[in-house]
Amino acid sequence: MNILVKNLSSGISIVQINDPKTYNSLSFKNLNYLIKVLKKLDQDKKTKVIIIEGAGKGFSAGHNLKEVKSLKVRNKYQKLFNLCSKLMLQIVEGNKPVIAKVHGAAYAAGCQLVASCDLAYSTKDALFATPGVNIGLFCSTPMVAVSRKINKKPMMKMLLTGDPIKANFAKEIGLINDCFSKSKLNNEVLKIAKKIASKSNLTIKIGKRTFYKQLEMPLRKAYAHTSKMMTVNMMALDAKEGISAFLEKRKPKWKNR
């Protein structure tokens, strides 16, 4: 299997792209598997948080260029890029928080995958790039995700030069949350995943959906929408329990876990 899933007792599911021979490429096969696995985990009540990682030397080098070269016709290219977009939308529109755990390189669609995740952490020596310009193929779909996480000037430099950026700069511009030594990365990612998993599942679901939806709205519409969603959230049992627990100075007992 090119996509492996490990379910931890804490409500964390680890999805590993296990195709090191192609540097965990986002081929047709791997994209289909990833979409299928993420949809399944999104409906799994035991799964609270999803972590995506890569096997072998790095996270993902993006599309399999040998496969891309073999496609040759317009409709096959369109199918591949549409499928990749479908994966990114599944991550953003899904109910569960998704964390990218990155080592080695995250290039092109691999960088897009990192940017699409809700949170991202890497090793200190990890590299990120949108290098399509180097082979005459501008990283147009990857830039959709990446440009929504970082500012225009660093984005355009990545796109126009194709040069990779280091983890500390990726953190500085907001592409990743933080970077750690190789020995610490796994524990640090699990630590944040466990903290998120301890929260109300329903609250996280409402909050994630509302976050991305309001980003695309004008200010007044964003306030109207979030006020509505705060009200929906407030009517849920978990909000009532959370407020009561806070006032009574005890740990909340979530109904939606």
Side-chain angles (χ1 to χ4, degrees), residues 17 19-32 34-35 52-92 98 100-177 179 215-216:
I17 310 171
D19 193 8
K21 287 183 180 179
T22 69
Y23 213 104
N24 302 318
S25 69
L26 297 180
S27 60
F28 269 115
K29 185 178 181 180
N30 289 344
L31 285 168
N32 276 311
L34 278 168
I35 292 167
I52 299 179
E53 63 181 18
K57 293 182 179 180
F59 184 73
S60 175
H63 292 298
N64 185 330
L65 292 182
K66 287 184 179 179
E67 180 182 71
V68 170
K69 188 179 178 182
S70 72
L71 297 178
K72 295 181 181 179
V73 294
R74 179 186 293 268
N75 68 324
K76 289 184 179 179
Y77 291 134
Q78 190 72 61
K79 187 178 178 182
L80 175 63
F81 299 132
N82 285 349
L83 190 64
C84 188
S85 299
K86 186 178 178 181
L87 170 64
M88 307 308 162
L89 287 169
Q90 172 61 41
I91 292 170
V92 173
V98 183
K101 189 179 86 174
V102 185
H103 73 292
Y107 281 12
C111 188
Q112 179 184 7
L113 180 56
V114 173
S116 296
C117 291
D118 303 298
L119 301 175
Y121 298 88
S122 79
T123 55
K124 288 185 177 180
D125 61 354
L127 295 172
F128 304 84
T130 50
V133 69
N134 295 329
I135 58 168
L137 182 64
F138 205 81
C139 281
S140 295
T141 47
M143 77 180 177
V144 173
V146 183
S147 67
R148 280 162 169 73
K149 294 292 168 76
I150 71 175
N151 290 328
K152 293 176 185 177
K153 290 294 191 292
M155 176 79 270
M156 285 303 292
K157 185 179 179 184
M158 288 179 69
L159 290 165
L160 295 173
T161 66
D163 292 342
I165 61 171
K166 295 179 180 179
N168 60 346
F169 185 63
K171 176 186 174 182
E172 186 181 319
I173 63 176
L175 179 57
I176 62 172
N177 293 85
C179 54
L215 280 178
E216 305 303 322

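We number each residue from 1, following the sequence as shown. In this text, all values refer to a predicted model and were calculated from it rather than measured experimentally.
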Next item on the list: Output, in order, the C-alpha distance, side-chain angles, deciding distance and verdict of side-chain contact (heavy atoms from CB on, under 4.5 Å) for E53 and I17.
Entry: CA-CA 6 Å; E53 63 181 18; I17 310 171; over 6 Å; no

I need the [X] [atom1] to [Y] [atom2] distance, nearest 0.5 Å.
X	Y	atom1	atom2	answer
Q90	L31	CD	CG	12.5 Å
I52	K101	CD1	NZ	12.0 Å
L160	M156	CG	CE	4.0 Å

Which atom names give the shortest non-hydrogen contact between [X] and [Y], and what distance separates them?
X	Y	value
P164	L127	CB-CB, 4.3 Å
G110	L26	N-CD1, 4.2 Å
C139	P131	SG-N, 3.9 Å
K76	L71	CD-O, 3.6 Å
A167	S122	CB-OG, 3.5 Å
A100	F59	CB-CZ, 4.4 Å

Which residues pass the salt bridge (Lys or Arg N to Asp or Glu O under 4.0 Å) test with [X], not counting sequence neighbours?
X	value
D19	none
D125	K182
K171	D178

Are the side chains of [X] and [Y] in touch, meaning some heavy atoms are under 4.5 Å apart?
X	Y	answer
N24	N30	no
L175	V146	yes
Y23	N64	no
M158	P154	no

Checklist line | E172: partners by side-chain hydrogen bond (donor to acceptor under 3.5 Å, both in side chains), with sequence neighbours left out | finding: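 Scan of E172 (side-chain hydrogen bond (donor to acceptor under 3.5 Å, both in side chains), adjacent residues dropped) gives none.
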
Next item on the list: State which residues pass side-chain hydrogen bond (donor to acceptor under 3.5 Å, both in side chains) with D118; sequence neighbours excluded, sorted by chain then number.
Entry: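 Testing D118 for side-chain hydrogen bond (donor to acceptor under 3.5 Å, both in side chains), a comparison that skips the adjacent residues, returns K208, Y212.
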
Next item on the list: Could you tell me whether K149 atom NZ has more than 12 heavy atoms of other residues or ligands within 6.0 Å of it?
Entry: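 It does: K149 NZ has more than 12 such atoms within range.
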
Checklist line | Of all pairs that satisfy ring-ring contact (aromatic ring centres under 6.0 Å, His included), the ones with a partner from residues 107-155, not counting sequence neighbours | finding: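 For residues 107-155: none.
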
Next item on the list: Take L80 and E67, measure what side-chain contact (heavy atoms from CB on, under 4.5 Å) needs, and give me the verdict at the end.
Entry: CA-CA 10 Å; L80 175 63; E67 180 182 71; 4.2 Å; yes

